[in-house]
Amino acid sequence: MKFMLVVVLLWPFLAFADLYKAYKNHFDIGVSVSGKQLFRDDKIKVVNKNFNSVTAEYSMKWNFVELEQGVYNFNWTDSFIDYAENNNKNVIGHTLVWHKSNPEWLFVDADGKPETKEKLLRKLEYHINTYVGRYRGKVKGWDVVNEAFNFDGSYRSSRWLDIIGEDYIEKAFKFAHQADPDAELYYNDYGLVNPKKQDAVVALIKRLKKKGIPIHAVGIQGHYSLTYPDLKALDKTIARFATLGIKVMITELDVSVLPFPGQEERGEDAVISTERMTALNPFVEQLPDDVEQQLADRYVSLFKVFLKHHKSVSRVTFWGITDAHNWRNNWPLQGRTDYPLIFDRSLKAKPAYEALVKLPQAL
Ligand code: 9MR
């Protein structure tokens, strides 16, 4: 009798212990890990318990693994892969081709002149072969190309586009497939609820599929806020991508609770009065309970949409372990105090976490 009572009282804690286990019938729950966090026991304990998929926040980008041409530094990634193998976590490779985080040498020749199309393609192929090939069978999927379009649907300006042209995207997918035919390959971008950008990505996916170039998922970056995006638009976005016969992944999820500054307040030369800065950075000491609750409710609303589409959504990845380390503290303005994740600055689970753990069984 006593035993029964204990089980009944403890049931919510026993049943809802770990976040990823709560979603085991729906999708993977991932998190990004930054360079140093991999070696911090307190952070890794949180990852072990709650997430079954891991992405490097920056340490697998080109300038980290091959800062000097031909001189590879795989130390961090080797440790990351070992960690994942030993702890049963899926590894997502982030990211092979991006307009940022590239080494100086990549786009120029030995004389410092712009690289030719042919030579840049060879550099890309060699890099992908070496890198993706090294971790063949160990990385579940790669963000092959990251953020290649503008909001108006045009190609985003980059050295890749300038030198190679639009087909740099398909070349990257081809090279990645050659290097590891079993790896999943993804296109990853933000703002995909935006109709024109969405159209451009849908067209890209259709084009790749028509040409027989493998693409397995679209990564919808979830850099959100308490009001953005509109949930109906998100719902439609996921549904549309799912009709293309690919998986949908919610990547880079974080929910800012801070006001979004106007365009004129965001430039490097912007002058913001002290009064206005207080309004833009209102929670320097702590997050008030009512906003904490709004954050929890917002996470629940977002996850209800993801759960609705669980047959197409295969992963949801948070962009960071703790509020103490998340890029939203410095974007779109430097030096604010944001609270976008589900573990607070002392690694304590927030009400949003508790709500998400309970959600699948409550529906
Ligand atoms: O959060 C990442 C930050 O720590 C890095 O300094 C930055 C450059 O490597 O990249 C940030 O992550 C970005 C991601 O790779 C792609 N989408 C936008 C993310 C936020 O800028």
Is there a side-chain contact between [X] and [Y] (heavy atoms, below 4.5 Å)?
{"X": "Tyr353", "Y": "Lys348", "value": "no"}
{"X": "Phe343", "Y": "Asn50", "value": "yes"}
{"X": "His216", "Y": "Val144", "value": "no"}
{"X": "Phe51", "Y": "Lys89", "value": "no"}
{"X": "Lys171", "Y": "Leu121", "value": "yes"}
{"X": "Lys209", "Y": "Ile246", "value": "yes"}
{"X": "Lys45", "Y": "Leu347", "value": "no"}
{"X": "Pro360", "Y": "Asn25", "value": "no"}

Q) Please walk me through it: do Lys49 and Asp18 pass salt bridge (charged side-chain N to carboxylate O under 4.0 Å, His left out)? A) CA-CA 6 Å; Lys49 186 167 150 59; Asp18 307 326; 2.8 Å; yes
Q. Backbone N or O of Asp152 within a donor-acceptor pair of the Asn150 side chain at under 3.5 Å?
A.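 Checking the backbone N and O of Asp152 against the side chain of Asn150, no donor-acceptor pair under 3.5 Å is found.
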Q. Side chain of Thr95, backbone of Asp143: donor and acceptor closer than 3.5 Å?
A.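 Flag set: sc Thr95 to bb Asp143 pair under 3.5 Å.
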Parallel, tilted or perpendicular: rings of [Y] and [X] (30°, 60°):
{"X": "Phe74", "Y": "Tyr135", "result": "perpendicular"}
{"X": "His26", "Y": "Tyr23", "result": "perpendicular"}
{"X": "Trp160", "Y": "Tyr168", "result": "parallel"}
{"X": "Tyr131", "Y": "Trp142", "result": "perpendicular"}
{"X": "Phe64", "Y": "Tyr58", "result": "tilted"}
{"X": "Trp327", "Y": "His223", "result": "perpendicular"}
{"X": "Phe318", "Y": "Tyr299", "result": "tilted"}

Does [X] have more than 12 heavy atoms from other residues, nucleotides or ligands lying within 6.0 Å of its [atom1]?
{"X": "Glu264", "atom1": "CD", "value": "yes"}
{"X": "Glu354", "atom1": "CD", "value": "yes"}
{"X": "Lys174", "atom1": "NZ", "value": "no"}
{"X": "Tyr126", "atom1": "OH", "value": "no"}
{"X": "Arg40", "atom1": "CZ", "value": "no"}
{"X": "Asp41", "atom1": "CG", "value": "no"}

Q: Could you tell me which non-hydrogen atom of Asp180 sits nearest to which non-hydrogen atom of Gly137, and how far apart they are?
A: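 Looking at all heavy atoms of both residues, the closest pair is OD2-N, 3.1 Å.
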**Q.** Shortest non-hydrogen contact between Ser225 and Arg298, atoms and distance
**A.**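 Looking at all heavy atoms of both residues, the shortest contact is O-NE, 2.8 Å.
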Distance in Å, [X] [atom1] paired with [Y] [atom2], rounded so as to fall on 0.5 Å steps:
{"X": "Tyr224", "Y": "Leu234", "atom1": "OH", "atom2": "CG", "answer": "4.5 Å"}
{"X": "His310", "Y": "Phe303", "atom1": "NE2", "atom2": "CZ", "answer": "14.0 Å"}
{"X": "Lys138", "Y": "Asp78", "atom1": "NZ", "atom2": "CG", "answer": "8.0 Å"}
{"X": "Leu19", "Y": "Lys21", "atom1": "CG", "atom2": "NZ", "answer": "11.5 Å"}
{"X": "Leu244", "Y": "Ile205", "atom1": "CG", "atom2": "CD1", "answer": "5.5 Å"}
{"X": "Ile250", "Y": "Ile238", "atom1": "CD1", "atom2": "CD1", "answer": "4.0 Å"}

Q) Side chains of His325 and Gln37: is there a donor and an acceptor less than 3.5 Å apart? A)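 Distance-only check fails for His325 and Gln37.
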Q: Take Lys247 and Glu184 through the test salt bridge (charged side-chain N to carboxylate O under 4.0 Å, His left out) and record every step on the way to the result.
A: CA-CA 10 Å; Lys247 290 288 179 197; Glu184 294 181 355; over 6 Å; no
**Q.** same_hphob_cluster(Trp319, Val193) at 4.5 Å side-chain heavy-atom cutoff
**A.**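 Result: no, two separate clusters.
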Q.
Same cluster or not: Phe151 versus Phe260, using hydrophobic residues (I, L, V, M, F, W, Y) connected whenever any side-chain heavy atoms lie under 4.5 Å apart?
A. no
Q) So, Glu147 and Lys100, do they make that salt bridge, N to O below 4.0 Å? A)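 Lys100 and Glu147: not salt-bridged.
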Q: Identify whether the distance between the nearest side-chain nitrogen and carboxylate oxygen of Lys350 and Asp344 falls below 4.0 Å.
A: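 Looking at Asp344 together with Lys350, the answer is no, because their closest N to O distance does not fall below 4.0 Å.
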Q: Please name all residues satisfying side-chain contact (heavy atoms from CB on, under 4.5 Å) with Arg345, sequence neighbours left out, ordered by chain then number.
A: Asp323, Ala324, Asn329, Thr337, Tyr339
(Q) Among residues at least two apart in sequence or on other chains, which ones pass side-chain contact (heavy atoms from CB on, under 4.5 Å) with Arg336? (A)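 In terms of side-chain contact (heavy atoms from CB on, under 4.5 Å), with neighbours along the sequence ignored, Arg336 is linked to Leu258, Pro259, Pro261, Met277, Leu280, Asn281, Pro332, Leu333.
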Q: Report yes or no: is the cationic atom of Lys197 (NZ for Lys, CZ for Arg) closer than 6.0 Å to the six-membered ring centre of Tyr190, at no more than 45° off its axis?
A: yes
Q) Any side-chain hydrogen bond (donor to acceptor under 3.5 Å, both in side chains) pairs touching residues 107-124, not counting sequence neighbours? A)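 Listed once each, the pairs are Glu115-Lys123, Glu118-Arg122, Arg122-Glu125.
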